[in-house]
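This structure is a prediction, so every number in the text was calculated from the model and none was measured. The residues of the chain are indexed from 1 along the displayed sequence. As a basis for the values below, the full set of heavy atoms in this structure was taken, side chains included, without hydrogen atoms, waters or symmetry mates.
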Amino acid sequence: MSLDAETASGDNLADKDLAANVESLSLTGAEQKVEKQEAKKIDIVLHATGSAPILKQKKWSVDPEKPISAIVKFIHKYLKLDPEERLFLYINQTFAPAPDQIIKNLYECYGTNGKLILHYAKSQAWG
């Protein structure tokens, strides 16, 4: 084998290593971007309506992939309501979302000023 053949084969290995490193860097960058998106929470503001008790803290950061039913369960538990007591949740004082609606989707459609405003009540208020 000549020196040129050894250099050429060494260059091919170096090119493959470089390509592998570039791919791993690209994947790492993409993975970091996904992690940042997953870490990003959505701010929701909870307002009491009607005879519902008022929460001490109105603004909460929530995982965007959770269904809206998780918010209802959270409020129910936070207010220490009896299991048979109903809780109604409304978006922007207009309609009650389906329990399986994802928070991220509702935020994208109805969010204002970087927040999703939710009203909760112990009896039907709107809609």
[atom2] on [Y] to [atom1] on [X], rounded to 0.5 Å:
X	Y	atom1	atom2	result
L116	I91	CG	CD1	4.5 Å
I71	L46	CD1	CG	6.5 Å
K115	N113	NZ	CG	6.5 Å
K66	I44	NZ	CD1	11.5 Å
H47	H119	NE2	NE2	5.5 Å

Quiz item: V62, I117: one ILVMFWY side-chain cluster at the under-4.5 Å cut-off?
Solution: no
Self-check item: Within residues 91-106 or reaching into it, pairs that qualify as salt bridge (charged side-chain N to carboxylate O under 4.0 Å, His left out) - sequence neighbours excluded
Solution: E65-K104
Quiz item: Any salt bridge (charged side-chain N to carboxylate O under 4.0 Å, His left out) pairs touching residues 43-55, not counting sequence neighbours?
Solution: D43-K59
Looking only at heavy atoms, what is the nearest atom pair of [X] and [Y], with distance?
X	Y	result
A48	P53	CB-O, 3.7 Å
K58	L55	CG-O, 4.2 Å
I42	P64	CD1-CB, 3.4 Å
P97	L106	CB-CD1, 4.0 Å
A52	A121	CB-CA, 4.0 Å

Quiz item: Any side-chain heavy atom of N92 within less than 4.5 Å of one from L118?
Solution: no
Side chains of residues 79-88: which donor-acceptor pairs under 3.5 Å do they make with residues two or more places apart or in other chains?
unit_1	atom_1	unit_2	atom_2	d
E85	OE1	D82	N	2.8
E85	OE2	K122	NZ	2.9

Practice problem: Report the residues that fulfil ring-ring contact (aromatic ring centres under 6.0 Å, His included) with Y78, sequence neighbours left out, ordered by chain and then residue number. | Solution: W60, F74
Self-check item: Partners passing ring-ring contact (aromatic ring centres under 6.0 Å, His included) against H76 (at least two apart in sequence or in another chain)
Solution: none
Quiz item: Does any pair with a residue in residues 96-117 pass ring pair (Phe, Tyr, Trp, His ring centres under 6.0 Å), and if so which ones, sequence neighbours excluded?
Solution: F95-Y110
